[in-house]
K.L.:
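I am attaching a structure below and will ask some questions about it afterwards.
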Amino acid sequence: MSDATTYAWLLGRLDISSLAILPAIANPTASEIVGASAAMMVILGGIAVVAMLTWFNWWTPLWRDWLTSTDHKRIGIMYIVLALVMMTRGVLEGVVMRAQQAAGLDGGFLADSHFAELFSTHGTIMIFFVAMPFIAGVINYVMPLQIGARDVSFPVLNQISLALTAIGAALVMISLVLGKFSTGGWPAYPPYTGIAFNPGPGPDYWIWSVAIAGLGSTLSGINFAVTIYKERAPGMKLFYMPLFSWTVLCTAIIMIFAMPPLTVATLTLALDRYLDFHFYTNDLGGNMMNYVNLFWLFGHPEVYLLVLPCYGIFSEIISTFSGKRLYGYNSLVFATMAISVLSFTVWLHHFFTMGQSAQVNAAFGVASMFIAVPTGVKVYDWMATMFRGRIRFSVPIVYATGFLILFVIGGLTGVMLANPTISYQVHNTLFLVAHFHNVIIPGVLFGLLAGYHYWFPKAFGFRLNEGWGYVAATFWIFGFMFTFFPLYVLGVMGMPRRSASYSDPAFEPLTLIAMCGACLIFCALASLLIQLRISVRDRAQTRVPLGDPWNGMTLEWSIPSPPPEYNFAVVPEVTARDAFAEAKEQGNAYPQPTAYEDIEMPRNTSIGAIVLIGGTALGLALVWYVWWLAILSLVVMIGAFVARSFRTDTHKTIPAAEVAAAHQAWLAEVANASPVKRDIETKDTNRGLAALELPQGAA
């Protein structure tokens with residue numbers, strides 16, 4: 001066997017030239033230096049994390065308490081940490097893109113291919129590895145608590161779903177160091193991403209990161225749906241569920257039905273690239289429009305998969321901080337159901353310009369306009385809830401206010417784009433970029449950040465710093481407006497999207513404003529990190545161990561903060577909507593149980609960590625054609641699953657005496673505490689016991 005053959009067998013197409021920092025050494029242009037700097041940030045960041053874990057002796061607790069945990073709360077927190085790490089990269093890439101376009105009249109500082117790689121990674125990261133894991137994390141943490149469950153239905157599957165999402169994120173991060181990511185945009189349309197046009201590793205990185213993470217999302221959808229159907233507390237009818245849990249149920253159904261088309265699209269594209277199939281080529285019977293239909297059959301329900309849970313978050317926040325029960329609860333539930341169904345009927349409006357008949361375009365245009373109706377119902381219900389409410393202008397309400405104003409603008413531009421004739425004119429311009437971000441940032445990101453601030457004290461037992469919370473929210477709101485409102489005008493002026501440079505000097509002033517807006521968004525991200533650091537430092541003054549810092553109405557506020565592993569010492573009996581508010585009204589918010597029982601919980605398992613390591617190795621092996629590593633990774637993961645199936649000690653029992661001791665100590669602390677009125681809930685005297693201020697009724 002020759003040296004070349006041995007090398008190819010061991011490392012496939014991976015060689016020293018694959019290192020991203022080498023081109024910057026050989027050809028130190030601004031574009032190469034930017035790319036190499038990003039690669040070094042990943043490398044140095046990884047080294048810093050390893051050093052910190054070693055210095056503080058955190059490896060053992062990290063493994064014991066987190067990486068092997070099946071607790072839905074810890075898994076939810078890990079999802080959110082992953083999302084925040086990936087958001088840091090996504091925001092930085094957005095700033096670089098806006099800076100490039102601001103300098104684009106003179107050509108800018110990035111090569112065209114580098115700019116294409118940036119908008120491809122930015123879109124992929126923000127959708128699949130920021131929004132999706134952030135939402136999965138919030139759902140994982142909150143939903144079981146809201147429905148009175150001890151855990152999700154399939155705790156080990158939950159751990160595996162997290163591992164699959166983390167694998168996809170890891171592959172995207174590794175692509176900064178080894179090789180390059182795809183330049184085909186976040187939808188990765190063939191034939192451009194086919195082997196003939198793009199033979200490098202970039203499209204393969206996209207395929208395997210998205211396919212593996214998409215599988216994790218599908219499994220999460222099944223888990224969430226089964227949990228809501230099967231694990232609700234006694235007496236909790238579907239129409240007693242909090243609205244957030246309703247949006248989770250509809251989101252889970254979308255996950256189950258919308259993710260498989262994405263999986264089919266990515267795997268058939270892989271067959272084209274790896275085995276010379278011709279699903280999407282320009283010859284031998286291929287048709288790339290089949291890919292476009294499959295992708296957007298996932299892609300548009302995906303928009304509502306992202307935004308529906310955030311509608312639920314805003315519903316909880318607006319109700320709580322207005323001191324009122326939700327106006328029009330039933331109409332909000334039915335609107336959520338309608339959006340879930342209609343989301344599958346509008347996918348073709350994403351490619352009005354690709355040659356369908358006028359009749360087909362008209363049908364999908366009408367459906368796209370109609371989906372605005374149930375969304376409008378929600379907006380009016382939220383405003384009616386706030387009307388004459390006792391509004392506390394806390395940080396989550398700042399995000400909610402920004403959402404209500406800005407999201408309506410994004411929705412109205414969506415109605416405009418639902419008209420095929422208008423869409424045809426602005427489809428390939430920055431107008432579409434502005435619209436998409438006008439929906440996703442206020443509708444999804446603001447919702448997630450509001451939920452992060454709202455439920456943080458439940459998860460960690462102390463409140464986030466309000467002052468820096470206001471600063472961050474203000475930066476996010478105004479940063480969004482200065483970044484993306486100019487793009488509407490640029491789009492109408494005719495500036496194409498995905499353009500690294502341009503020749504019309506009329507574009508330059510607005511691109512400079514957009515760059516300043518991107519800097520404000522960077523300040524918003526920095527403010528979030530500062531807020532977290534200060535909050536951790538001052539946590540002794542902001543502790544809320546009694547569990548109800550906001551005068552909440554739903555079951556998650558009826559237990560300690562942070563909750564015990566088993567959530568509820570005694571599973572509650574539910575007799576009405578807003579179960580905790582109902583109990584407060586009846587003077588029975590903190591009942592004394594008559595008896596305690598042993599609680600059975602799943603044991604920790606390393607199966608998720610094995611999937612994470614094996615799956616990452618498998619993804620890299622498939623990208624770089626290292627076939628022996630791909631086979632070995634599969635064998636290890638399959639072997640781990642087989643070995644797991646023979647284990648019988650998969651659960652542990654928490655004795656009733658231990659549960660009783662912890663619960664009685666907490667009840668005693670509640671009994672000895674002084675309730676806090678809502679007008680001073682941000683003061684240090686708030687320990688999580690709300691004074692009885694009954695919510696106003698609503699229709």
K.L.:
Counting distance only, does the side-chain N/O of Asn672 pair as donor-acceptor with the main-chain N or O of Ala668 below 3.5 Å?
P.N.:
yes
K.L.:
Go through the steps for Phe485 and Phe480 under the test ring pair (Phe, Tyr, Trp, His ring centres under 6.0 Å), then give the verdict.
P.N.:
CA-CA 8 Å; Phe485 281 1; Phe480 160 77; 5.7 Å; yes
K.L.:
For Glu582, is there an ion pair with Arg325 - N to carboxylate O distance below 4.0 angstrom?
P.N.:
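So Arg325 pairs with Glu582 through a salt bridge.
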K.L.:
Kindly say whether Leu243 contributes a backbone atom to a donor-acceptor pair with the side chain of Tyr329 at under 3.5 angstrom?
P.N.:
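Looks like no, no N/O pair under 3.5 Å.
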K.L.:
Do Ile521 and Val95 make a side-chain contact, defined as non-hydrogen atoms from C-beta onward lying under 4.5 Å apart?
P.N.:
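A side-chain contact under 4.5 Å is absent here.
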K.L.:
Do Arg150 side-chain atoms and Phe568 backbone N/O form a donor-acceptor pair below 3.5 Å?
P.N.:
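It does hold such a pair.
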K.L.:
Determine yes or no for a side-chain-to-main-chain donor-acceptor pair under 3.5 angstrom, with Ser331 supplying the side chain and Gly328 the backbone.
P.N.:
yes
K.L.:
Is it the case that over 12 heavy atoms from other parts of the model lie below 6.0 angstrom from the CZ atom of Arg64?
P.N.:
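Buried by this count: over 12 neighbours within 6.0 Å.
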K.L.:
So, taking the atom named OG1 in Thr124 and the one named CH2 in Trp186, what distance separates them when rounded to the nearest 0.5 Å?
P.N.:
8.0 Å
K.L.:
Under the side-chain contact (heavy atoms from CB on, under 4.5 Å) criterion, do Tyr590 and Leu689 qualify, and how do the steps go?
P.N.:
CA-CA 11 Å; Tyr590 302 98; Leu689 181 63; 3.6 Å; yes
K.L.:
Short question: side chain of Lys73, backbone of Pro564 - any donor-acceptor pair under 3.5 Å?
P.N.:
yes
K.L.:
If you define the side chain from C-beta out and look only at heavy atoms, does anything of Tyr452 sit under 4.5 Å from Phe134?
P.N.:
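Yes, side chains in contact.
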K.L.:
How far apart are the closest heavy atoms of Ser220 and Met255, and which atoms are they?
P.N.:
C-SD, 4.3 Å
K.L.:
Taking C-beta and beyond as the side chain, do Tyr141 and Trp455 meet within less than 4.5 Å on heavy atoms?
P.N.:
no
K.L.:
Where the side chain of Ser322 meets the backbone of Arg390, is there a donor-acceptor pair that is under 3.5 Å apart?
P.N.:
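Checking the backbone N and O of Arg390 against the side chain of Ser322, no donor-acceptor pair under 3.5 Å is found.
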K.L.:
How long is the gap from CG on Leu520 to OG on Ser527, to the nearest 0.5 Å?
P.N.:
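Rounded to the nearest 0.5 Å, the CG-OG separation comes out at 10.0 Å.
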K.L.:
Between Thr682 and Glu466, does any side-chain donor sit less than 3.5 Å from a side-chain acceptor?
P.N.:
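No donor-acceptor contact under 3.5 Å links the two side chains.
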K.L.:
With no hydrogens and no angle check, do the side chains of Trp382 and Ser315 hold a donor and an acceptor under 3.5 Å apart?
P.N.:
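On atom types as modelled, these side chains qualify, holding a pair under 3.5 Å.
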K.L.:
Check this for me: Met41, atom CE, are more than 12 non-hydrogen atoms of other residues, nucleotides or ligands nearer than 6.0 Å?
P.N.:
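Open: at most 12 neighbouring heavy atoms sit under 6.0 Å from CE of Met41.
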K.L.:
Please indicate whether Phe482 has more than 12 foreign heavy atoms, meaning atoms of other residues, nucleotides or ligands, lying under 6.0 Å from its CZ.
P.N.:
no
K.L.:
Between Gln159 and Ser69, is the side chain to side chain donor-acceptor pair (under 3.5 Å) condition met? List the steps.
P.N.:
CA-CA 8 Å; Gln159 187 192 76; Ser69 175; over 6 Å; no
K.L.:
Answer yes or no: is there a donor N or O on one side and an acceptor on the other, between the side chain of Thr413 and the main chain of Gly410, under 3.5 Å?
P.N.:
yes
K.L.:
Assess the residue pair Leu82 and Met78 against the criterion (side-chain contact (heavy atoms from CB on, under 4.5 Å)); give the C-alpha distance rounded to whole Å, side-chain angles, the decisive distance to 0.1 Å, and a yes or no.
P.N.:
CA-CA 6 Å; Leu82 173 65; Met78 287 189 283; over 6 Å; no
K.L.:
Check this for me: Tyr566, atom OH, are more than 12 non-hydrogen atoms of other residues, nucleotides or ligands nearer than 6.0 Å?
P.N.:
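Correct, the count exceeds 12.
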K.L.:
Between Ile477 and Met481, is any pair of side-chain heavy atoms under 4.5 Å apart?
P.N.:
yes
K.L.:
With a cut-off of under 6.0 Å to the ring centre and 45° to the axis, is Arg463 in cation-pi contact with Phe456?
P.N.:
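Negative - Arg463 is either too far from the ring of Phe456 or too far off its axis.
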K.L.:
Side-chain contact test, heavy atoms from C-beta onward, threshold under 4.5 Å: evaluate it for Arg687 versus Val676 and give yes or no.
P.N.:
no
K.L.:
Rounded to the nearest 0.5 Å, what's the gap from CG on Asn567 to CG on Leu555? Could you check?
P.N.:
11.0 Å
K.L.:
Drop me the distance from Phe484's CZ to Leu487's CG, to the nearest 0.5 angstrom.
P.N.:
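Rounded to the nearest 0.5 Å, the CZ-CG separation comes to 6.5 Å.
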K.L.:
Is there a side-chain contact (heavy atoms from CB on, under 4.5 Å) between Ile254 and Ser343? Walk through the geometry before answering.
P.N.:
CA-CA 9 Å; Ile254 293 175; Ser343 70; 4.1 Å; yes
K.L.:
Does Lys584 pair with Asp548 as a salt bridge, N-O distance under 4.0 Å?
P.N.:
yes
K.L.:
Distance from Thr685 atom OG1 to Lys677 atom NZ, nearest 0.5 Å?
P.N.:
12.5 Å
K.L.:
Trp550 vs Tyr454 aromatic rings, parallel, tilted or perpendicular, using cut-offs 30° and 60°?
P.N.:
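Parallel.
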K.L.:
Under 4.5 Å between any side-chain heavy atoms of Val377 and Leu332, yes or no?
P.N.:
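Heavy-atom side-chain distance check fails, nothing below 4.5 Å.
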K.L.:
Under the side-chain contact (heavy atoms from CB on, under 4.5 Å) criterion, do His435 and Tyr488 qualify, and how do the steps go?
P.N.:
CA-CA 8 Å; His435 159 71; Tyr488 280 122; 4.2 Å; yes
K.L.:
Taking the side chain as every heavy atom from C-beta outward, state whether Pro549 and Glu681 have any atom pair closer than 4.5 Å.
P.N.:
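SC-SC contact between Pro549 and Glu681 ruled out.
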K.L.:
Is the side chain of Asn465 donor-acceptor paired with the backbone N or O of Ile534 at a distance under 3.5 Å, no angle test?
P.N.:
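Judged by distance alone, no pair lies under 3.5 Å.
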K.L.:
For the OH atom on Tyr470, are there more than 12 heavy atoms of other groups (residues, nucleotides or ligands in this structure) within a distance under 6.0 Å?
P.N.:
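Yes, because the 6.0 Å sphere around OH of Tyr470 holds more than 12 heavy atoms from other groups.
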K.L.:
Check whether the ring centres of Phe239 and Trp246 lie less than 6.0 Å apart, and answer yes or no.
P.N.:
yes
K.L.:
Determine yes or no for a side-chain-to-main-chain donor-acceptor pair under 3.5 angstrom, with Arg232 supplying the side chain and Ile228 the backbone.
P.N.:
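Between the backbone of Ile228 and the side chain of Arg232 there is a qualifying donor-acceptor contact (under 3.5 Å).
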K.L.:
Sub-3.5 Å donor-acceptor pair from the side chain of Arg89 to the main-chain atoms of Thr121, do we have one?
P.N.:
no
K.L.:
Compare all side-chain heavy atoms of Lys378 with those of Asp381 and state whether any distance is below 4.5 angstrom.
P.N.:
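No, every pair of side-chain atoms sits at 4.5 Å or beyond.
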K.L.:
Tell me the closest heavy-atom pair linking Pro242 and Thr554, and the distance in Å.
P.N.:
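Nearest pair, atom of Pro242 first, then Thr554: CG-CG2, 3.5 Å.
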K.L.:
Which value, rounded to the nearest 0.5 Å, describes the distance between Leu305 atom CG and Thr251 atom OG1?
P.N.:
5.5 Å
K.L.:
Please verify the inter-ring angle class for Tyr311 with Phe403; under 30° counts as parallel, over 60° as perpendicular, anything in between as tilted.
P.N.:
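Because their plane-to-plane angle lies in the 30° to 60° range, the rings of Tyr311 and Phe403 count as tilted.
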K.L.:
Between Lys324 and Thr385, does any side-chain donor sit less than 3.5 Å from a side-chain acceptor?
P.N.:
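Lys324 vs Thr385: no donor-acceptor pair found between side chains.
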